[in-house]
Enquirer: 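Please read through the structure below; I'll follow up with questions.
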Amino acid sequence: MPELPEVETLRCDLRPRFVGHRLERAEVTGPRTVRRHPPELLAQLHGDVLAEVGRHGKYLLFQWASGRALVAHLRMSGQLLASEPGTPLARHTHAVLWFGGAGQLRFVDPRTFGELFMASSPGPQVAEIAHLGPDALAAGAGYLVAELARRRAPLKSVLVDQRVLAGIGNIYADEICFDARLRPDRPAAALRPVHVQRLAASVRRVLAAAVQARGSTLADGQYVDLNGQAGRYQGAHMVYGRAGQPCRRCGREVARLAWGARQAYACTHCQH
DNA sequence: CGATTATCCTGTGCGC
DNA sequence: TGCGCACAGGATAATC
C-alpha cells in the first residue's frame, strides 16, 4: 500500500545510499516481477552508474548515467530494501541489484503485484507512465477545479484515479477527504470551486505531513523504508481504518461508507 | 468517453 | 487446534 508519501520516503533514502555508485549486476529470480519485457534486459545496466532517483506518483524512476531509466512500482506488498551481500535473502525476494561499494538493493514482494521494468526510451520522460496525471504534490488548485468539474464519479474515486492525480491511494484519499471536511462519496462535479480549493490545500497538507512522518505502516507491517523501519504517520490517521472508533475531531463514530465495490472511512458529522 | 467490474496474488485473521 | 474463507487493494483490461 505504498502511496506517494511512502514512495517519496524511499526515494529520499535511496539517493544518498546508491546515487553515484556503479551497478555490478542485476539478478532477477521472480519471473512476475519483471514481466513487461524479457528480464535479461536489465543486464543493459551492468556497469552503469546511478545518476538520480526520481518519482512520479507511486512510481520510482532510477536514472542512469547512460540515460537509461529503470522504473519500479511496489503496488501492494512490494518492498525495496538495502542489504549487505551475504545476508540471507528474505522470502519472496525477486530481484537483487548489486552496487559497487554500496551493497545491494533488493526487491521483495509476496503478492508479486509490484514490478520493475526498463523504460522503452532514454531520458527522464518515460512513455510507459505518460498517462499519469500530475504528481499530487505538484498539481495546482485550478487544475483540480477543472478536472473534478467534469467527473460524475464520487470524490474518492476521482482522487485515487492516477490519470487525474498521481500518488494518492486508499489511505490518503480518506485522510484528505477528512481534512477537507468533504464526504468521499459526493459526486466530484457537485463540489463548488471553494470546496475544491479546500481540497487542494488538504492534498498538499496531508501528503506533506505524511512525508514528514516517513509514511504509514499499518498493522500488517507491509510498508517499511529502505532500512526496514516503519513509518509514523499511521498514528496521525483521523479516519482510515477507524470505523466504530470516535472521531478525533468531534467524538462521534467514524463510519465506513460503501458504493459499488468502493468503500471509505469518514466522519459523517464532520464531512459534508 | 466515462464509469464500473473482474483480475492478478499471498499472508493474515476471523469464525466455527 | 485447524480448516476454510473473506479481506487487503493498485493498475489494467474488459465491459456497460
Side-chain angles (χ1 to χ4, degrees), chain A residues 1-8 10 29-37 55-61 71-80 89-95 107-117 119-120 126-136 144 146-177 184-191 207 210 215-224 228 230-231 234 237 239-244 256-265:
Chain A
M1 289 151 284
E3 304 179 29
L4 185 152
E6 290 76 30
V7 179
E8 177 63 15
L10 274 173
T29 51
R32 255 183 64 80
T33 297
V34 185
R35 56 184 178 272
R36 292 207 191 200
H37 54 63
R55 181 190 59 76
H56 189 95
K58 304 170 195 172
Y59 289 83
L60 274 173
L61 308 172
V71 183
H73 196 305
L74 303 175
R75 287 301 213 309
M76 253 82 77
S77 59
Q79 298 177 335
L80 283 172
L89 285 182
R91 195 168 143 83
H92 305 297
T93 300
H94 302 309
F107 190 96
V108 179
D109 185 10
R111 293 167 70 182
T112 70
F113 284 5
E115 62 173 330
L116 288 175
F117 63 91
S120 57
V126 175
E128 285 83 357
I129 62 169
H131 61 283
L132 296 178
D135 188 81
L144 260 193
E147 277 300 311
L148 296 196
R150 59 188 198 82
R151 305 270 176 166
R152 282 210 318 271
L155 173 57
K156 176 173 179 180
S157 300
V158 178
L159 282 176
V160 301
D161 186 337
Q162 304 299 297
R163 296 168 304 177
V164 179
L165 286 178
I168 300 173
N170 208 28
I171 297 173
Y172 295 105
D174 284 2
E175 293 300 315
I176 288 165
C177 287
D185 54 350
R186 270 182 71 165
L191 295 176
L207 294 179
S216 302
T217 300
L218 304 181
D220 59 21
Q222 282 197 109
Y223 165 72
V224 289
Q234 64 281 2
H237 290 177
V239 287
Y240 181 82
R242 300 193 61 246
R256 190 165 199 189
L257 308 176
W259 64 94
R262 273 268 169 212
Q263 43 198 14
Y265 298 96

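Proteins come first, then strands; the chains are lettered A, B, ... in the order of their sequence lines, and each starts at number 1.
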Enquirer: Please compare A:Glu128 and A:Tyr240 by the position of their nearest nucleotide in DNA chain C and report the one closer to 5'.
Expert: A:Tyr240
Enquirer: Which residues pass the ring pair (Phe, Tyr, Trp, His ring centres under 6.0 Å) test with A:His73, not counting sequence neighbours?
Expert: A:Tyr59
Enquirer: For A:Leu155 and B:dA3, give me the distance from atom CG to atom P, rounded to whole Å.
Expert: 13 Å
Enquirer: Which whole-number value in Å describes the distance from A:Trp259 CH2 to B:dT5 P?
Expert: 12 Å
Enquirer: Please report the interatomic distance OG1(A:Thr29) to CG(A:Leu89), rounded to the nearest 0.5 Å.
Expert: 7.5 Å
Enquirer: For A:Leu218, what residues pass the side-chain contact (heavy atoms from CB on, under 4.5 Å) criterion, not counting sequence neighbours?
Expert: A:Met1, A:Ile171, A:Asp220, A:His237, A:Tyr240
Enquirer: Where does the chain A footprint on DNA chain C start and end, counting 5' to 3' with a 4.0 Å heavy-atom cut-off?
Expert: C:dA8 to C:dT12
Enquirer: May I ask you to check whether over 12 heavy atoms, not counting those of A:Arg152, lie within 6.0 Å of atom CZ?
Expert: no
Enquirer: Check every strand shown and say whether A:Arg152 touches a base, only sugar-phosphate, or nothing at a heavy-atom separation below 4.0 Å.
Expert: sugar-phosphate
Enquirer: Under the rule for salt bridge (charged side-chain N to carboxylate O under 4.0 Å, His left out), what residues qualify as partners of A:Asp161, not counting sequence neighbours?
Expert: A:Arg151, A:Arg163
Enquirer: Roughly how far, to the nearest 0.5 Å, is CG of A:Leu74 from CG of A:Leu60?
Expert: 6.5 Å
Enquirer: How long is the span from the CG atom in A:Leu155 to the CZ atom in A:Arg186, to the nearest 0.5 Å?
Expert: 8.5 Å
Enquirer: Base, backbone or nothing for each nucleotide of nucleotides 9-14 of chain B, written B, S, -, heavy atoms under 4.0 angstrom, 5' to 3'?
Expert: BBS---
Enquirer: List in chain and number order the residues that pass side chain to side chain donor-acceptor pair (under 3.5 Å) with A:Ser157, two or more places apart in sequence or in another chain; answer none if no residue qualifies.
Expert: A:Trp259
Enquirer: A:Glu3: which residues meet the side chain to side chain donor-acceptor pair (under 3.5 Å) condition with it, sequence neighbours left out?
Expert: none
Enquirer: With A:Ser77, which residues qualify under side-chain contact (heavy atoms from CB on, under 4.5 Å), at least two apart?
Expert: A:Asp109, A:Pro110, A:Arg111, A:Gln222
Enquirer: By the 4.0 Å heavy-atom rule, please label A:Gln263 as base, sugar-phosphate, or nothing.
Expert: sugar-phosphate
Enquirer: Quick check on contacts: within residues 162-176 of chain A, what sits under 4.0 Å from DNA chain B by heavy-atom distance?
Expert: none
Enquirer: Just verifying a value: how many Å separate A:Phe107 CZ and A:Thr33 OG1, rounded to the nearest 0.5 Å?
Expert: 5.5 Å
Enquirer: Return the value, rounded to whole Å, for the distance between atom CZ of A:Arg262 and atom C1' of B:dG2.
Expert: 16 Å
Enquirer: According to side chain to side chain donor-acceptor pair (under 3.5 Å), who are the partners of A:Ser120, at least two apart in sequence or on a separate chain?
Expert: A:Glu128
Enquirer: A:Arg151 side chain N/O closer than 4.0 Å to the phosphate oxygens (OP1, OP2) of B:dA3?
Expert: yes
Enquirer: List the residues meeting side chain to side chain donor-acceptor pair (under 3.5 Å) with A:Gln263, not counting sequence neighbours, and say none if there are none.
Expert: none
Enquirer: Through what angle, rounded to 10 degrees, does the axis of the helix from B:dG2-C:dC16 to B:dC16-C:dG2 turn between its ends, using five pairs per end?
Expert: 50°
